[in-house]
Each structure stands twice: as C-alpha cells, then as structure tokens.
Amino acid sequence: MANQILSRPANPIQTLTFLNSTCSLLKKSPFLKHKKFSLSSATPIRKSITDFQIRASQSHTLTRNYCADSVVVQEDKSYGNKQIISVTSQLYGYILSNVREPEILKKLREETSSMRGSQMQVSPDQAQLLAMLVQILGAKRCIEVGVYTGYSSLAVALVLPKSGRLVACERDTNCLEIAKKYYQQAGVTHKVDIRHALAADTLKSLIENGEACSYDFAFVDAEKKMYHEYFELLLQLVRVGGVIVVDNVLWHGKVADPQINDPRTVSIRDFNKSVTEDNRVSVSMVPIGDGMTICRKL
C-alpha cells in the first residue's frame, strides 16, 4: 500500500478514486482487528471522498461542455479540423473586461444605451480597434460615414493629433446634438468637422473640393444599401496605403444563410463578395461586433 501511495495518480478524479480504493484495502487489513481501530472512523472519510468525486466529475463535465460551446470546428476537412472560438456571453464579458475604455466614452455609451436604436452604437472592443488602426497609421485626416451619437467618432478623435481632422457625416439632428455634447466634454471639438447632410453628398463635395487621395482612414457604419456607393467614393478620397473599415458585414449572421434574401442582407452579401474580389484593396474580414471588413488601398 505504501508503494501505491507513493505512485498515486496526478489527475484529481483518478486520485479520489485511488483514495476510495484505499479505504477498501483498509477494510480487509489485519490492522482492523486492533481494538483501537474502528472502521466507523473511516466511513465519513469514504463518504467525503465519494462526494468530492461527484462534484469533481460534475465540474469536469461543465468545463468540457463550456469549452464545447465556445469552440466551433470548421466542417471543411481541408482546414484540418481548425477550431474557431465562438464568443459566448460569458466569454464576451471577459473580452469587454479587457477593453481600455476612457471614462468619457463609457459615459456616452451608457447614455446611448437607453435610446431607441442603441444597438447601432459600435461596441467598446470595436471602438478600441478603430482607435488603434488610426494610431498605427499615424492618421491625421479621417472620415466617418454614419456618426449616430458619436461613440466611434469620439474614440477616433481622442487619438488624433491636435492638428488632426475628422469629417463626421450624419443626417440625424438629434443624434448629432448628443455627439456634439460629448465632443465638447472631451475637448476634441476642434478636431471634428460635422457635416449634417446625406453622406454621399458630403463625400462628393469633398472630391469636388480637390480632397481626393488626402485622407488616411475612413469608417463606414451607415445605410447598408449604400455601401457600394460609399466605398467607391471613399476609394477616391483615401490615399494609397490608407484604410477603409466597413461595419456590419456579418449582418447578425444573415449573410451566411441562403434562405434569407431581404434587400439589406442581399446588399451586404453582394458588397462582401465585390470587396473580396476587388484588386484595388487588400482585405480582412474580422468577426468583431457584427463583423468588420478592413480594407487597405493598394
């Protein structure tokens, strides 16, 4: 038995099983004949071991189930059974807990959360990615198509240099009033050039004003059926090496369902296909938020 104890297994469940079997060995041991030893004193230990076994087994099963829910395996075997993370609510909470969200952005997000259409606001992890792309590019001139209440545009404006400029295109007056309030509170009003008009008209006016190929970065989160037009106009405005980011390209997963063919879904699906085949840009579709496609102008 001493040898068994020295070589007990490392796995917790196996160890508990081993201890349980040890109790069985003790029951048959000649030491039990000694009057000072009572088997009843070992019984609670055995019961505790059994209880621990059950709890450990349940915990192990829950862990396996959680992992199974969090991972998707690509059905196409040519990808080598590649496992891809499926973001559960618990996992997404963990992601958000690792986002560096400035207090002013948090305040704006919380105010917007009670508004109608609050789902249109980009998520904190998306805003953080947009801000990082602007910093990586060393961008000074940016465009945003679709401002809503200003969360993503504020995230960008905060990381722009003092001389930076962000053209913010939005047609909703009420939303713009909220955005303006937070631009002022954050001290970035001088960086944001608000254009209260149809975005396509604003982009055309910038081109007509001789600003083609002068912008470093653009973000699109507006009318989905206009994505093709916005993209073509932005390709004229963004410099070579500049970046265009397009939001909602996964459209709640509808783009992958051939049975769903409403106008917006079809429009986004067609847009995704056209961008993938467009040799004027390099592209990467990223499964963050509702899906973002990052395009670099070649």
Side-chain angles (χ1 to χ4, degrees), residues 69-76 79 82 84-89 91-92 95-96 109 112-113 115-127 129-130 133 143-153 168-172 175 197-204 217-236 238 243-297:
D69 291 340
S70 300
V71 175
V72 176
V73 178
Q74 171 55 249
E75 292 181 0
D76 186 339
Y79 288 92
K82 178 65 178 177
I84 304 103
I85 285 293
S86 176
V87 182
T88 62
S89 178
L91 182 55
Y92 187 55
I95 292 170
L96 291 178
R109 171 173 57 80
T112 304
S113 67
M115 294 175 55
R116 181 180 179 182
S118 60
Q119 74 279 359
M120 293 190 293
Q121 181 175 249
V122 301
S123 58
D125 48 323
Q126 286 181 292
L129 175 60
L130 293 173
L133 289 172
I143 301 173
E144 178 161 300
V145 178
V147 171
Y148 188 43
T149 59
Y151 189 86
S152 52
S153 55
C169 308
E170 178 58 55
R171 63 182 182 181
D172 189 304
C175 288
L198 294 175
D201 292 342
T202 297
L203 299 179
K204 289 173 184 175
F217 177 85
F219 176 53
V220 182
D221 184 12
E223 175 53 52
K224 312 312 170 191
K225 289 184 285 186
M226 293 288 290
Y227 271 13
H228 285 279
E229 184 173 358
Y230 293 149
F231 188 73
E232 289 301 323
L233 292 169
L234 288 170
L235 269 179
Q236 296 179 59
V238 171
V243 168
I244 301 170
V245 180
V246 184
D247 197 20
N248 301 115
V249 294
L250 296 181
W251 200 230
H252 319 300
K254 295 178 182 179
V255 289
D257 189 341
Q259 302 301 315
I260 300 178
N261 291 293
D262 62 273
R264 284 186 177 178
T265 301
V266 170
S267 180
I268 295 173
R269 190 182 289 138
D270 290 345
F271 173 76
N272 290 341
K273 185 175 186 296
S274 68
V275 170
T276 301
E277 297 173 349
D278 196 327
N279 58 15
R280 297 172 296 175
V281 293
S282 56
V283 299
S284 179
M285 182 181 284
V286 183
I288 183 172
D290 192 25
M292 299 172 85
T293 292
I294 301 171
C295 309
R296 179 177 178 272
K297 184 176 176 180

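What you see below is based on every heavy atom in this structure, not just the backbone, and it leaves out hydrogens, waters and symmetry mates.
Note that CD of Gln126 is 4.5 Å distant from CG of Asp247, once rounded to the nearest 0.5 Å. Taking CZ of Phe219 as the reference point, atom CG of Leu129 lies at 9.5 Å (rounded to 0.5 Å).
Closest heavy-atom contact between Leu91 and Ser86: CD2-O, 4.2 Å. Listed here is the closest heavy atom pair of Ser267 and His228: O-NE2, 4.0 Å. Nearest heavy-atom pair across Tyr151 and Ala127 is CE2-CB, 3.4 Å.
Scored by the salt bridge (charged side-chain N to carboxylate O under 4.0 Å, His left out) test, Lys82 finds no partners at all (sequence neighbours excluded). Looking at residues two or more places apart in sequence or on another chain, you find no salt bridge (charged side-chain N to carboxylate O under 4.0 Å, His left out) involving Asp125. Here Lys224 pairs with Asp221 under the salt bridge (charged side-chain N to carboxylate O under 4.0 Å, His left out) rule; sequence neighbours left out. Partners of Glu229 according to the side chain to side chain contact (heavy atoms under 4.5 Å, CB included) rule, which considers only residues two or more places apart in sequence or in another chain, are Ala200, Lys204, Met226, Leu233. For Arg280, the salt bridge (charged side-chain N to carboxylate O under 4.0 Å, His left out) test picks out Glu232, Asp278, with sequence neighbours left out. With sequence neighbours left out, the side-chain hydrogen bond (donor to acceptor under 3.5 Å, both in side chains) criterion links Glu170 to no other residue. The side-chain hydrogen bond (donor to acceptor under 3.5 Å, both in side chains) test applied to Thr202 returns no partner, not counting sequence neighbours. Shown here are the side-chain hydrogen bond (donor to acceptor under 3.5 Å, both in side chains) partners of Tyr148, two or more places apart in sequence or in another chain: there are none. Legend: residues meeting side-chain hydrogen bond (donor to acceptor under 3.5 Å, both in side chains) with Arg109, ordered by chain and number and at least two apart, are Glu101. Partners of Phe231 under the ring-ring contact (aromatic ring centres under 6.0 Å, His included) rule, at least two apart in sequence or in another chain, are Phe271.
At a threshold of 4.5 Å between non-hydrogen side-chain atoms, the residues Val275 and Val249 do not count as touching. Under the 4.5 Å side-chain criterion, counting only non-hydrogen atoms from C-beta, Val73 is not in contact with Tyr79. Put simply, the side chain of Pro124 reaches to within 4.5 Å of the side chain of Leu96, judged on heavy atoms. Residues Lys225 and Pro263 are in side-chain contact: their nearest non-hydrogen atoms beyond the backbone lie under 4.5 Å apart.
Listed by first and then second residue, the salt bridge (Lys or Arg N to Asp or Glu O under 4.0 Å) pairs that reach into residues 256-273 are Glu223-Arg264, Lys273-Glu277, sequence neighbours excluded.
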Donor-acceptor contacts, no H, no angles, side chain residues 281-295, under 3.5 Å, sequence neighbours left out:
from	atom 1	to	atom 2	distance (Å)
Asp290	OD1	Trp251	N	3.4
Asp290	OD1	His252	N	2.6
Asp290	OD2	Asn248	ND2	3.0

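Residues Ser118 and Gln121 have side chains that never bring a donor and an acceptor to within less than 3.5 angstrom of each other.
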Q: Please test Phe217 against Leu130 for side-chain contact (heavy atoms from CB on, under 4.5 Å), starting from the C-alpha separation and ending with a verdict.
A: CA-CA 10 Å; Phe217 177 85; Leu130 293 173; 3.9 Å; yes

(Q) Assess the residue pair Ile244 and Lys297 against the criterion (side-chain contact (heavy atoms from CB on, under 4.5 Å)); give the C-alpha distance rounded to whole Å, side-chain angles, the decisive distance to 0.1 Å, and a yes or no. (A) CA-CA 8 Å; Ile244 301 170; Lys297 184 176 176 180; 5.9 Å; no

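Without hydrogens or angle criteria, Thr276 side chain to Asn272 main chain gives a donor-acceptor distance under 3.5 Å. Lys254 places no side-chain N or O within 3.5 Å of a backbone atom of Ile260 that could act as its donor or acceptor partner.
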